Amino acid sequence: MAKAPVLTPQADDFPRWYQDIIAKAELADNGPVRGTMVIRPYGFAIWERMQAEVDRRIKEAGAQNAYFPLFIPESYLKKEAQHVEGFSPELAVVTVAGGKELEEPVVVRPTSETVIGEFMAKWTQSYRDLPLLLNQWANVVRWELRPRVFLRTSEFLWQEGHTAHATEDDARRYAEQILHDVYRDFMVDVLAIPVVVGRKTAKERFAGATNTMTLEGMMGDGKALQMGTSHELGQNFAKAFGITYLDASGTEQHAWTTSWGVSTRMVGGLIMAHGDDRGLRLPPALAPVQVVVVAVRDEGDVVERCRALTAELRAAGVRVELDARTDGSLGRRVTDWELKGVPVRVEVGPRDLAAGEAVLVRRIEGTKASVPLADLAPAVAAALTEQQASLLAEATARRDSRTAEVDTIDEAVEAAGSGFARIPWSALAAGGEEALAQHAVTVRCLERPDGSLPASEDEADIVATVARSY
RNA sequence: CGGGGUGUAGCGCAGCUUGGUUAGCGCGCCUGCUUUGGGAGCAGGAGGCCGUGGGUUCGAAUCCCGCCACCCCGACCA
């Protein structure tokens, strides 16, 4: 029987599709205060998987986790001129507490460069104290004018790394290490999103940074999403907060600092990069539930056998869940698991058991096959591995087919209607960014022809990737 | 913050133009029976300050004014 589509089709209304999927896959709800969100258990499980993978890589890069306060003295923000200018419009400020007007208002952190800078100054005396490599998992608040669930919420969860180094070179190398070894590897290998990695233009740079590097993903509608950033802060914060050290010759020097972060925005990126008209499609490496074993009906020893198969898969290291809700119809349950993007579904009913088989359904590739029960564990493992690869291949093919090489601003604007455009940076010089902005198109990042990071935007032969963005 | 749109049950909507008994429909929810291999069927039920404040009127979901919220397109935005 033909039913109404589960979700608004992407082609009909992409923003509506996005809202639908968030509601129907039970990822999040709007919070009571404008721009806030409630992350529901399934959405949070996805975030927790992101946290686990990113956290491990951050630790491998040598940084340690710490925690700094939510409240920051207003005066701290004012110590770095560009920083305060950039953030002032979006600060939430507490002026009354304990029933009294505060002597000095405190801001709810929009980011923690300032407090952390204050303490880095306290902890750094000698070149032997450097590098100081810190990270924190926290919530931050930015009163954005146009919130969108996961993509730009007033309060969001993130990881913010803050480091101090003895030299500019050390700082740059570390910021690039995080960009590549933590963020890019995670996004490509785990999220299966083929990000474009490059340098931000001065116009797009983080408030207070000397260089911002970014990872840009292409969403299903061809728009770009900034999935993460890594900044060189030069000596701006070191000078504002007095982060100094004595070098080997006993001379006082200012440190060089960096900061870098990824946030719950990645959940939105994941949805929009891979989702289809049936729901979410989660990369197996990330999925909180990689496999669901569905008992088709409660007959004979079906449920019992499903339980055993689930245990077997779990023992093989798979994140697996059993669906034995046989009082509900199969169609409903299958639709729900597809909405939630679980990569592999193993269906087991009396007919399968009689044949000594199970039906293995791949969510990413959309194929079904009967598999002998004895071969189930290896077949599941293969399905997970192969679908991880095919999801990345699919996303890469889309990005490439929707990226145009152009030479003029008009062509770039045209191409940005459906995807990315790559244009020589020299073709945009002197007012080009503003011209693009007239059409809601921005420069996402700058790369060298070989894809490496330009040391400055003045280098010759730089390529700009431009697009509409979230 | 500009432009546009929408606020009626958990969700999606109709009703409003032309004011008039108990405000409807689909999905979901509850109970029972029958079902269960791709969103089950039948029967019975629960659930509403019609966003909010004021005004007009014998009478307002419906007309008028204010406010608020949400959504979309922008501006803004690590």
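First the proteins, then the strands, lettered A, B, ... as listed; each starts at 1. If you're wondering where the values come from, they're calculated on a predicted model, not measured in any experiment. Side chains included, hydrogens not; waters and symmetry mates left out as well; all remaining heavy atoms used.
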May I ask you to say what A:R278 touches in the nucleic acid, namely base, sugar-phosphate or nothing, with a heavy-atom cut-off under 4.0 Å? base
Check every strand shown and say whether A:L145 touches a base, only sugar-phosphate, or nothing at a heavy-atom separation below 4.0 Å. base
Select base, sugar-phosphate, or nothing to describe what A:G228 touches, counting heavy atoms under 4.0 Å on all strands. nothing
Side chains of A:K200 and A:Q226, donor plus acceptor under 3.5 Å: yes
Without hydrogens or angle criteria, can the side chains of A:R333 and A:T335 be said to hold a donor-acceptor pair below 3.5 Å? no
Grab the CG-P distance between A:L330 and B:G38 for me, whole Å please. 6 Å
Name the pairing partner of B:G37, where a pair is Watson-Crick or G-U wobble with both distances under 3.5 Å, or state none. none
Atom-pair distance (CG on A:D323; P on B:U36), nearest Å: 17 Å
Interatomic distance where CG belongs to A:N30 and C1' belongs to B:C70 [whole Å]: 8 Å
Under 4.0 Å, counting only non-hydrogen atoms across every strand here, what does A:T326 touch: a base, just sugar-phosphate, or nothing? base
Can you tell me the pairing partner of B:G47 across any strand shown, Watson-Crick or G-U wobble, with both distances under 3.5 angstrom? none
Report which part of the nucleic acid A:A295 touches: base, sugar-phosphate, or nothing (heavy-atom distance under 4.0 Å, all strands). nothing
Are A:S329 and B:U36 close enough that a side-chain N or O sits under 4.0 Å from OP1 or OP2? no
From the list A:H231, A:M213, A:Q82, side chain to side chain contact (heavy atoms under 4.5 Å, CB included) with A:F206 holds only for A:H231
Among B:G39, B:C72, B:C13, which nucleotide sits nearest the side chain of A:P15? B:C72
Using a heavy-atom cut-off of under 4.0 Å over every strand shown, decide if A:W158 touches base, sugar-phosphate, or nothing. base
Can you check whether A:R297 has a side-chain N or O nearer than 4.0 Å to OP1 or OP2 of B:U36? yes
Could you let me know what B:C77 is paired to, Watson-Crick or G-U wobble, both distances under 3.5 Å, or none if it's on its own? none
Checking all strands, does A:D352 fall into the base, sugar-phosphate, or nothing category for heavy-atom contacts under 4.0 angstrom? base
A:L280 vs A:H274, side-chain contact (heavy atoms from CB on, under 4.5 Å): CA-CA, chis, key distance, verdict: CA-CA 7 Å; A:L280 225 44; A:H274 298 314; over 6 Å; no
Within the structure, does a side-chain N or O atom of A:Q19 lie under 4.0 Å from either OP1 or OP2 of B:C72? yes
Interatomic distance where CZ belongs to A:R152 and C1' belongs to B:C76 [whole Å]: 9 Å
How many Å lie between CD on A:E85 and C1' on B:C77, as a whole number? 14 Å
When rounded to the nearest Å, what value does the distance between C1' atoms of B:G74 and B:C27 take? 35 Å
Classify the nucleic acid contact of A:R333 as base, sugar-phosphate or nothing, counting any heavy atom under 4.0 Å across all strands shown. nothing
Quick one: A:R16 CZ to B:U6 C1', roughly how many Å, whole number? 11 Å
Between B:C76 atom P and A:F206 atom CZ, what is the distance in whole Å? 19 Å
Could you tell me which nucleotide pairs with B:G59 by Watson-Crick or G-U wobble geometry, both distances under 3.5 Å, or answer none if nothing does? none
Side chain of A:E144 only, please: which of B:G28, B:C76, B:G38 is the nearest? B:C76
Is there a donor N/O on one and an acceptor N/O on the other, under 3.5 Å, for the side chain of A:K368 and the base of B:G38? yes
Compute the centroid of each ring, for A:H162 and then for A:F68, and state whether the two points are separated by less than 6.0 Å. no
Is there a donor-acceptor contact under 3.5 Å linking the side chains of A:E232 and A:T210? no
Note: for A:D13 and A:A207 on RNA chain B, the residue whose nearest nucleotide lies more 5' is A:D13
With respect to the side chain of A:V6, which nucleotide from B:G74, B:C76, B:G39 is positioned closest? B:G39
If B:C25 has a Watson-Crick or G-U wobble mate with both distances under 3.5 Å, name it; if not, just say none. B:G12
A:L151 CG to B:C76 P: how many Å, rounded? 19 Å
Please measure how far the C1' atom in B:U22 lies from the corresponding atom in B:U6, and state the result in whole Å. 29 Å
Scan every strand shown for a Watson-Crick or G-U wobble partner of B:G32, both distances under 3.5 Å, and answer none if you come up empty. B:C42
B:G38 base / A:R345 side chain donor-acceptor hit below 3.5 Å: yes
Ignoring hydrogens and geometry beyond distance, is a side-chain donor-acceptor pair present between A:Y470 and A:D221 at under 3.5 Å? yes
Base, sugar-phosphate, or nothing for A:T229, non-hydrogen atoms under 4.0 angstrom? base
Categorize A:G349 for me: base, sugar-phosphate, or nothing, with a 4.0 angstrom heavy-atom threshold over every strand shown. base
Listed nucleotide nearest any side-chain atom of A:V361, set B:G38, B:A40, B:C77: B:G38
Contacts of A:D336 and A:H231 projected onto RNA chain B by closest heavy atom; the upstream (5') one is A:D336
Considering Watson-Crick and G-U wobble pairs with both distances under 3.5 Å, what does B:A69 pair with? B:U6
Which nucleotide, B:G28, B:G37, B:G74, lies nearest any side-chain atom of A:P350? B:G37
Separation between OG of A:S230 and CG of A:L453, rounded to the nearest 0.5 Å: 9.5 Å
